[in-house]
Amino acid sequence: MAEAAVGKKVLDTGWLAARSTEVALTGVQLTTTQPPAADPDPAAPWIHAAVPGTVLGTLLKNQLIPDPFYGLNNQAIVDIADAGREYYTFWFFTAFQCPPSGNQHVTLNFRGINYSAEMYLNGHKEVLPKGMFRRHTIDITDILHPDGNNLLAVLVHPPDHPGRIPPQGGQGGDHEIGKDVATQYVEGWDWMCPIRDRNTGIWDEVSISITGPVNITDPHLVSTFHDDFKRSYLHCTLQLENKSSWVADCTLKIQVSTELEGNIFSVEHLQSYAITIPPDSDLEYTIPPLFFYKPKLWWPNGMGKQSLYNVEISVDVKGFGESDSWSHHFGFRKIESTIDHSTGGRIFKVNGEPIFIRGGNWILSDGLLRLTKKRYMTDIKFHADMNFNMLRCWGGGLAERPDFYHFCDVYGLMVWQEFWITGDVDGRGIPVSNPNGPLDHDLFLLCARDTVKLLRNHASLALWVGGNEQVPPIDINKALKNDLKLHPMFVSNQASKSEKHLSEESTDPSKYLDGTRVYVQGSMWDGFANGKGDFTDGPYEIQYPESFFKDSFYKYGFNPEVGSVGIPVAATIRATMPPEGWSIPIFKKRIDGYIEEVPNPIWDYHKFIPYSKPGKVHDQIELYGHPKDLDDFCEKAQLVNYVQYRALLEGWTSFMWTKFTGVLIWKTQNPWTGLRGQFYDHLHDQTAGFYGCRCAAEPIHVQLNLASYFIEVVNTTADELTDVAVEISVWDLDGGSPYYKVTEKIVVPPKKVKQIIEMKYPKMKDAKPVYFLLLKLFRLSDKGILSRNFYWLHLPGKDYKLLEEYQQKSIPLQVYSEISVSGSRHKLKMTVENKSKKSLTKIVHPVSTIDLVGDVSGSHDIGKETTQEGNESGSLWRKIRRGLSTTRSNDNSRTLEVNGTDSGVAFFLHFSVHAAGSATAKEKYNDTRILPVHYSDNYFSLTPGEKTAIDISFEASPESSPRVVLRGWNHHLDHAVVI
């Protein structure tokens, strides 16, 4: 039988599972004489398994439990506290091909098991110790079956302390899970239902690695910089293990390349080194630093390109050939983090440039740990599309996986990674529990160190934090501070140190466990919140939009958690709940005039946050008129979502560097079908808040300060903004423009917010009670729009109820579509024009002829002046057009005319993509949406004569007959473009 090729093979198919109490056989029997059938009988205990995944994920895959995230189904699933740990102790079984060879070595690798296991391979047993966040590597060379057919069974045990969920719920249930080194959210939180199996399972990648006599382990890549980033060195230290019984004469090779275009690569370095390794021994080897002149730097989203180099390391052994290889995408960048003395907030610098942090808190992608590359890519791209630049991996969730970090590298999201400590579970909470953290401190530190080795080469990883709203126990905290201490070349404010040549440093930085990133002991310490660990993050509820702009709203320089509402669109409610969950909250009018929203039991279980705060904030949905039904409630909720989150980020940005250094929104998404704190739902459909954030977090941005009513221009970039002006136009509900102004030429210094002019329309004698405001920041040289911001506003003491009758307006639209289809990939450019006649009472606006072109990259250059219909603008569309020869080219452009008799703003338009079929069915709601879909913008409005182009991309099978539907506040007909 031929030798298997050197490399890694992932074992992610062909797995079976069975409850341990239903299997009478031993692990030895299962992996020798009595393995389960590959296609098990329905009556047998064995079922097809989800690996990677969890026990609940496997049971759901086989329809043995109802979907726990649908309606109240989770209440019908047996909790581990009631059934006992044995109920969720499962066997997992698979077979794989790998013939033994006298010259090869094979390891079996588990990247994550929750919580402990016994592994059997061909009758041989190996104990896999406790710990959710540790890797297991077992040398199986000597126990491979002679014929190459290998039988593997793994008995997986749940966490030792799964805990019990109190009747009132709470943060982390009864906190027992904190005794283990495992994820803590699984006992439930104020935003999450309990996970009944506590995420028991083989939850991360399983693989076999085939090598020669020498293997490579955990290379550490570090870049250092000199002469203002002109000179750089790439450092690398790795472990080499010689498993043979003879001296290994090796050639170690390192190649560093970068992609130029398509599949064309430029090799920047190719070096080799002769190494001799004694038999049966390990060797730590540090590669001599590789010199780079002006390397392409990796930048956070919104600050520049995310340049990545491919680093490939291989070792050849004399007499054998290539023995092992390793590769990684690496970004040259330097991240520094210190406390800003003027604001007290923590400041982050990347490549010497201060970065104003606007990002969000991340729990995990899915509560059943269905963590696929495709899902991760969508998750991270969504955050980049919102113009965010940081994600905080919350301490009660996961040490996120390499695929998560890979896409953060690609899309420019810096990551704050916490270890597995939370204030509610570890030393705080009601009742106070686990004051000394997990029971096994050595295990915690083992998992922490292994996590560092797993993730440290990612450019996006910016910060290690000991815990959420709590610091680790004293001994753990001390050990982490020591393990993660900075190398002298990465200590900020030591210019003399950083300018020294590497040879003057005693230790190569790649020899540190990390040494390049700051460790902060807790999320409210040392530059976060009040810096002292007091509960000074939040709030987590609806606010008046103008409150975010007030100096009194938040006292401290960096808020790690501030949150609000998050109702999804009505289709998601229907798709995730039975009809009894489609009833909207009861609006109870209190004696003090405030409204209390009382949700139905299903919404309550799904952690609904009301759109009112009696005694503090009047109901923000009621401002638009009392909601009539689910569709009306959710549509008005989207209006509030957009306003709420745009105001949150604009308010924080208004104080950029003068009071604040950053803010992280709690939270950006939910790992289940929750109804709070999210910009897209668990099905991957965006709320309007998504696009409110996208607007507010532009690198260059024009905004209205809702407290002062002054117009401000934000420049977060490192370049001065010159030769620009702001166009200000007010539009009334009759389609007229009663107020218009263009400012003088403006200059905005880098990383500054400049107050421009007061918006005086509300003080005018004949000001309308409800009006629209359109702001455009544009270049005077070519009228190209740098930022466009559209508001709907009311006069003080008024509301938006006049918008109810505005829904009856019939606005003429023209929709022009260009379509590219390649296999399942669909890319469209949808150009929408408001064909209303412009107001004749005002001169022609100097910027009104501009096509507003959404940029899918999230950069600020979102508009260009055009002179003819169908002008191609934006690099993405040029690439699409270049590729039309390999795609479906027949009838790839359409024009749709929507008749209308009224003149005015086409308000709150939004696209959605659907498959063929009816939206309703007799027994269950039929969700026709195709998800996920990436839109360069959505929930947009167009004044008379304006047009905008929206880029849309998604994957769908040709049989689904996709159609793109446009709806809006005053556009109710389902006009669709069928692809």
Residues at least two apart in sequence or cross-chain that pass salt bridge (Lys or Arg N to Asp or Glu O under 4.0 Å) with Asp249, listed by chain then number, are none
Thr286 and Thr237: side-chain donor and acceptor closer than 3.5 Å? yes
Take atom CG in Leu439; do more than 12 heavy atoms of anything else shown fall under 6.0 Å from it? yes
Backbone N/O of Ala49 and side chain of Thr58: donor-acceptor pair under 3.5 Å: no
Sequence neighbours excluded, the answer for salt bridge (Lys or Arg N to Asp or Glu O under 4.0 Å) partners of Glu418 is Arg392
Can you tell me if Ser510 and Asp508 form a side-chain donor-acceptor pair at under 3.5 Å? yes
Give the C-alpha distance, both sets of side-chain angles, the deciding distance and a yes or no for salt bridge (charged side-chain N to carboxylate O under 4.0 Å, His left out) between Lys253 and Asp316. CA-CA 8 Å; Lys253 298 177 183 178; Asp316 288 6; 3.5 Å; yes
Should Val214 and Asp324 count as side-chain neighbours, where that means a heavy-atom distance under 4.5 Å? no
Search all heavy atoms of Pro158 against all heavy atoms of Thr89 and return the closest pair with its distance. CD-OG1, 3.2 Å
Are Phe292 and Tyr233 an aromatic pair by the rule of ring centers under 6.0 Å? no
From CG (Asn122) to CG (Leu151), nearest 0.5 Å: 5.5 Å
State yes or no: are the ring centers of Phe133 and Trp420 separated by less than 6.0 Å? yes
From Trp464 CH2 over to Thr516 OG1, what is the distance, rounded to the nearest 0.5 angstrom? 9.0 Å
Indicate whether any N or O donor in one side chain lies under 3.5 Å from an N or O acceptor in the other, for Asn114 and Thr200. no
Taking ring pair (Phe, Tyr, Trp, His ring centres under 6.0 Å) as the definition, give me every residue that meets it alongside Tyr512, ordered by chain and number, with sequence neighbours left out. His487
Taken in chain and number order and not counting sequence neighbours, the residues that satisfy salt bridge (Lys or Arg N to Asp or Glu O under 4.0 Å) with Asp514 are Arg517
Take the angle between the ring planes of Trp15 and Phe92 and call it parallel below 30°, perpendicular above 60°, tilted in between. perpendicular
Could you tell me which residues satisfy ring pair (Phe, Tyr, Trp, His ring centres under 6.0 Å) with Phe229, sequence neighbours excluded, listed by chain and number? Phe225
Please report the shortest heavy-atom distance between His136 and Pro129, naming the atom on each side. CE1-O, 3.3 Å
Residue pairs, two or more places apart or on separate chains, that pass side chain to side chain donor-acceptor pair (under 3.5 Å) and touch residues 4-14: Lys8-Glu205
Selection residues 93-128 - residue pairs positive for ring-ring contact (aromatic ring centres under 6.0 Å, His included), sequence neighbours left out: Trp91-Tyr120
First locate atom CG of Leu108, then atom CD1 of Ile140, and finally report the distance between them rounded to the nearest 0.5 Å. 5.0 Å
Do NZ/NE/NH1/NH2 and the carboxylate oxygens of Lys130 and Asp180 come within less than 4.0 Å? no
Test: Arg135 and Asp218 ion pair at under 4.0 Å: yes
Verify whether one side chain among Asp475 and His441 offers a donor that lies under 3.5 Å from an acceptor in the other. yes
salt_bridge(Arg449, Asp483) N-O dist < 4.0 Å: yes
Partners passing salt bridge (Lys or Arg N to Asp or Glu O under 4.0 Å) against Asp403 (at least two apart in sequence or in another chain): none
Any donor-acceptor pair under 3.5 Å linking the side chain of Thr183 with the backbone of Gly397? yes
Among Asp142, Asp282, Asp139, which residue meets the salt bridge (Lys or Arg N to Asp or Glu O under 4.0 Å) test with Lys243? Asp139
Decide whether Ser266 and Glu268 meet the rule of one side-chain donor and one side-chain acceptor closer than 3.5 Å. yes
Can you list everything that forms a side chain to side chain donor-acceptor pair (under 3.5 Å) with Tyr519? Sequence neighbours excluded, please. Asn477
Taking all heavy atoms of Asp409 and all of Ser460, pick out the closest pair and write down the distance. OD1-OG, 2.7 Å
Is there a donor-acceptor contact under 3.5 Å from the side chain of Thr378 to the main chain of Lys374? yes
Residue that, paired with Tyr309, satisfies ring pair (Phe, Tyr, Trp, His ring centres under 6.0 Å) out of Phe265, Trp298, Phe332: Phe332
Using modelled atom types only, decide if a donor and an acceptor are shared between the side chain of Asn301 and the backbone of Ala384 within a distance under 3.5 Å. yes
Checking His220 now: which residues fulfil ring pair (Phe, Tyr, Trp, His ring centres under 6.0 Å) with it, not counting sequence neighbours? none
Nearest 0.5 Å please: distance from the CD1 atom of Ile313 over to the OG atom of Ser327. 9.0 Å
Closer than 4.0 angstrom, basic N to acidic O: yes or no for Arg401 and Asp204? yes
How far apart are the closest heavy atoms of Val106 and Cys98, and which atoms are they? CG2-SG, 3.9 Å
Look up atom CE in Met390 and atom CG in Asn361, then write down how far apart they are to the nearest 0.5 Å. 11.0 Å
Where do Ser232 and Pro295 come nearest, in terms of heavy atoms and distance? CB-CG, 3.6 Å
Any chance the side chains of Ser209 and Asn109 put a donor and an acceptor closer than 3.5 Å? yes
Would you find a donor on one side and an acceptor on the other, under 3.5 Å apart, between the side chain of Gln417 and the backbone of Glu400? yes
Sequence neighbours left out, what pairs pass salt bridge (Lys or Arg N to Asp or Glu O under 4.0 Å) with at least one residue falling in residues 361-370? Asp366-Arg370
Tell me yes or no: between the side chains of Gln184 and Asp426, is some donor less than 3.5 Å from an acceptor? yes
His328 meets the ring pair (Phe, Tyr, Trp, His ring centres under 6.0 Å) criterion, sequence neighbours left out, with Trp326, His458
Verify whether one side chain among Thr217 and Asn215 offers a donor that lies under 3.5 Å from an acceptor in the other. yes
Is the backbone N or O of Phe291 less than 3.5 Å from a side-chain atom of His269, with the two atoms forming a donor-acceptor pair by type? yes
Does Asn242 form a side-chain hydrogen bond (donor to acceptor under 3.5 Å, both in side chains) with Ser244? I'd like the steps, not just the answer. CA-CA 6 Å; Asn242 181 5; Ser244 72; 2.6 Å; yes
Between the OH atom in Tyr285 and the CD atom in Gln239, the distance rounded to the nearest 0.5 Å is 13.5 Å
Look at the side chain of Arg456 and the backbone N and O of Leu513, then say whether any donor-acceptor pair between them is shorter than 3.5 Å. yes
Return the orientation label for the Phe404 and Trp362 ring planes: parallel under 30°, perpendicular over 60°, tilted otherwise. tilted
Nearest heavy-atom contact between Thr224 and Pro509 is CG2-CG, 3.9 Å
